[in-house]
2 protein chains.
Amino acid sequence: MGYEIADALGLLLRRTTRERLHRSLTEGMGEAVDEVTYPVLSALARTGPRSAADLASDVGLDRSGVTRRATRLEQAGLVRREPHPTDRRAALLVLTDAGERAVAELRRRLADHITASLAAWPPGAAREFARSLHRFVADGPFA
Amino acid sequence: MGYEIADALGLLLRRTTRERLHRSLTEGMGEAVDEVTYPVLSALARTGPRSAADLASDVGLDRSGVTRRATRLEQAGLVRREPHPTDRRAALLVLTDAGERAVAELRRRLADHITASLAAWPPGAAREFARSLHRFVADGPFA
DNA sequence: TATTGTTATACTCTATAACTATA
DNA sequence: TATAGTTATAGAGTATAACAATA
């Protein structure tokens, strides 16, 4: 059983799998949105405006990496910088309206992909799988 | 439901998640075994001796990338090159005994991680999840 | 003295384009 | 002429180390 899941995860985590998925998800969304910038958008959508240093651990980059990605997203009009209200060293990264729309579109595309692939499943099985996967990821060997 | 799975997958496919998992899996296995070389080992274990050009599509690299990884694995004693029996242009990449042992150890570690994280699940739910994940990955939006 | 955002630098990994040998 | 393996080169992306400004 552990081996069955291990092999499935191995395939899922393969570079080609991820890249194919990301390409199909970000198609036509502009050059600024890709595998690396999406975590920045996603984290901002999830938690609201944050500073680069604060985002770094969530995104899996250090502050300099967040700065670079944020600059790309800013130039594409998806993110803007605002002065931090209490710390004049910091700047808050904020999703623009276009940024919010981009995140919503990406989440919708992925969800649609998934829903389509579950269409042939018994409804109960699909719902059970969703719950199980959520639990597995949340407190599995990855958290 | 699609959104629940989408968010779980988003976390699973995050770079930090993958890197943490790979680090914990390959700890102490020598410098040659890492996130990039593992797919080469894994593919050879799955399908037997192959040429570099033949492996390329499986591994998600082109032939030059396979060559580089194979050279690293060869220097570490996990892979050896043998002349192709019928095509003198090609070379077969073959797992050495040490290579076989390394693959088995890595699969065992991952399976153990997973089994441990499922220990608290009802046995039926865990088995059902394994089957569902396998199916989802095999003919889901990634295949 | 520590931390923020930013930039320059070095490093890693990749695909592309060559090259030689064989089909 | 095409394909195998290999190597050199260029490109993309990262962390590290610096910098000035603020805490």
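Numbered from 1 within each chain, the chains take letters A, B, ... in sequence-line order.
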Q) ring-ring contact (aromatic ring centres under 6.0 Å, His included): which pairs involve residues 105-125 of chain B, sequence neighbours left out? A) B:Trp121-B:Phe129
Q.
Among residues 72-81 of chain A, which ones have heavy-atom contacts with DNA chain D below 4.0 Å?
A. none
Q: Mind running a 4.0 Å heavy-atom check of residues 82-96 of chain A against DNA chain D and sending the residues that fall below it, in number order?
A: A:Asp87, A:Arg88, A:Arg89
Q | Length of the CD-P vector between B:Glu19 and D:dT14, whole Å | A | 10 Å
Every protein N/O within reach of nucleotides 17-19 of chain D N/O, cut-off under 3.5 Å:
none

Q. Using a cut-off of 4.0 Å on non-hydrogen atoms, how would the nucleic acid contact of A:Thr71 be classed: base, sugar-phosphate, or nothing?
A. nothing
Q.
Looking only at the side chains, is there a donor atom on one of A:Thr115 and A:Asp112 sitting less than 3.5 Å from an acceptor on the other?
A. no
Q: Check the distance between D:dA12's P and A:Leu61's CG and give it to me in whole angstrom.
A: 18 Å
Q. What residues in residues 25-40 of chain B put a non-hydrogen atom under 4.0 Å from any atom of DNA chain C?
A. B:Val36
Q | A:Asp7/B:Arg46 ion pair, N-O < 4.0 Å | A | no
Q) Salt-bridged, B:Arg109 to B:Glu105, with N to O below 4.0 Å? A) yes
Q.
What is the first contacted nucleotide of DNA chain C and what is the last, in 5' to 3' order, if contact means an atom lying under 4.0 angstrom from a heavy atom of chain A?
A. C:dA2 to C:dA15
**Q.** salt bridge (charged side-chain N to carboxylate O under 4.0 Å, His left out) partner of A:Glu35, the single match among A:Arg23, A:Arg20, A:Arg18
**A.** A:Arg18
